[in-house]
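Comments concern the structure below.
Letters go in sequence order (proteins before strands), and every chain restarts at 1.
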2 protein chains.
Amino acid sequence: MINQIVQMASTTEENYLKALFNLANERGEVNISELANQLEVSMPTANSMVKTLQKAGSCIYEKYKPVVLTPKGKKEAALIVRKHRLTEMFLVTKMGFGWEEVHEIAEQVEHIHASKFFERMDEMMGYPTVDPHGSPIPDKQGRIQDLQFKSLSEAKPGQEVILAALSDSSTEFLEYLNSRKLTLGTELKIISKEAFDQSIVVSFLDSEKETLSQKVCEKLLVKIFESKDSSQ
Amino acid sequence: MINQIVQMASTTEENYLKALFNLANERGEVNISELANQLEVSMPTANSMVKTLQKAGSCIYEKYKPVVLTPKGKKEAALIVRKHRLTEMFLVTKMGFGWEEVHEIAEQVEHIHASKFFERMDEMMGYPTVDPHGSPIPDKQGRIQDLQFKSLSEAKPGQEVILAALSDSSTEFLEYLNSRKLTLGTELKIISKEAFDQSIVVSFLDSEKETLSQKVCEKLLVKIFESKDSSQ
DNA sequence: GTATATTGTTAGATTATTCTAACAAATTTA
DNA sequence: TAAATTTGTTAGAATAATCTAACAATATAC
């Protein structure tokens, strides 16, 4: 009888996997100092944990080379991200939390192993595909749909767009958006764009007008409607 | 400047505190072997952790004597039990789980530190005072109301009682109760009691009749209505 | 293209949590 | 009460996750 006890990843290992996954998505390659920085541990600590994850078959690592997740590691990470995003969505839609306060809670809830718990959340919400920040929720197999939104800074005057996701979900940014009543799903019309500093004036909610800096525009991901003059 | 960093209890320590609290409530004194047995660790392990908890001021321990929680330790434990029971209640009333499946999930959720999360649950449920098994939910200060239910085995023929809580919430027992449609809040009338084996025949839901063994009766906690003939 | 800075590694130590082996104290049984 | 059993303790070791110090490799700057 083969008694193959596949040890579940510890909470610590789960955090490393998630960090590798997120860093790889943001910046492509992941080196030890980025990883250490992200997790607020020393480089020797990150180095040693990467070796542990390699032994477990979750990543590939060669001295002085960037760390790469294996398909196994990617799936493990995606399933943690799934739990995180389902939780965030649940906290917002079913428990009345603001989108700026859910990340911290979800960081803890994502390490719960009872899959029943997350399946019920999923069911109660009608199987959502994105979280409250517009990020896609991986499916049960760890697959992620590619949403391919554009940054608002790519939009041109006259175009209409829908705010669909954020590339920065820090509390500060979310609170900035709250203060301008900018929520996901909001329709924006690009009134003008300032050539000097790339800031954009938009109108939304049938009346509000707002100037958005380039910095802000880069972080707002939008669906751009095909131009009415069919220039494509 | 006094820089008193009071270290939060680890998940492991929390589990020891909870075990000490529960064992003390069930059996009075807690000795090392009971604790070790409850947590499925070796006696030296339990012994060593008890010393750690003592250093943290959560319990009092002298060689070969029973372990006693300090007021600090009792409060810490009660607050974990609070999170556990709030979670169980939430899972049953807001997420549609059966009472026999929530314990396992709550064992994991109780270690989440985000107090916002539990406060929102509490609020959504209207500040319940008991969990789905009839056990009291400690308040935010760790205080527990004393419910003082009686065991059904103390009831006498002719009396009417309401099933209020359980002294055993094992999955097997909960499934037994499910199969008989016995839920908390059910009104039972004691039809007769068999002197030989202390089994009791009850009627409930206006029609159902059921014979309950002494073993079962001892685990059912009830509110006994004052007798109509005011014999007290 | 050398000097400087950054990044990464190894070695060695620490703390938390656990174990087994060996022994000691307390309790139960006969 | 003496023997047997149970309970508890100490000692010593193992693993996970972390650190600092010291050194090595790679990348950047002049």
Practice task
Going by the side-chain hydrogen bond (donor to acceptor under 3.5 Å, both in side chains) test, name the single residue among B/E76, B/Q38, B/E107 that passes it with B/K18.
Solution key: B/E107
Of all the choices, [options], which nucleotide is nearest to the side chain of [X] once you look at every atom?
X	options	answer
A/S10	D/dA17, D/dT9, C/dT17	D/dA17
B/N47	D/dT10, C/dT17, D/dT18	D/dT10
B/S48	C/dT7, C/dT18, C/dT9	C/dT18

For [X] and [N], give me the distance from atom [atom1] to atom [atom2], rounded to whole Å.
X	N	atom1	atom2	answer
A/K55	D/dA17	NZ	C1'	13 Å
B/Y61	D/dT7	OH	P	13 Å
A/M8	D/dA16	CE	P	14 Å
A/E14	D/dA16	CD	C1'	15 Å
A/E34	D/dA27	CD	P	14 Å
B/N31	D/dT6	CG	C1'	11 Å

Handout entry: Exercise: identify the closest heavy-atom pair between B/A77 and B/L69
Key = CB-CD1, 4.4 Å
Exercise for the section: List the atom of B/K83, the atom of B/I112, and the distance in Å for their closest heavy-atom pair. Expected result: NZ-O, 2.8 Å
Handout entry: Cationic tip of B/K219 above B/F173 ring, under 6.0 Å, 45° of axis
Key = yes
Exercise for the section: Flag this pair as yes if the NZ/CZ of A/R82 is under 6.0 angstrom from the six-membered ring centre of A/F118 and inside a 45 degree cone about the axis; otherwise no. Expected result: no
Problem - Summary of protein contacts for nucleotides 19-25 of chain C, nucleotide by nucleotide, where a base hit scores B, a sugar-phosphate-only hit scores S (4.0 Å, heavy atoms) - result: BBB---S
Handout entry: Heavy-atom side-chain contact between B/I144 and B/V81 under 4.5 Å
Key = no
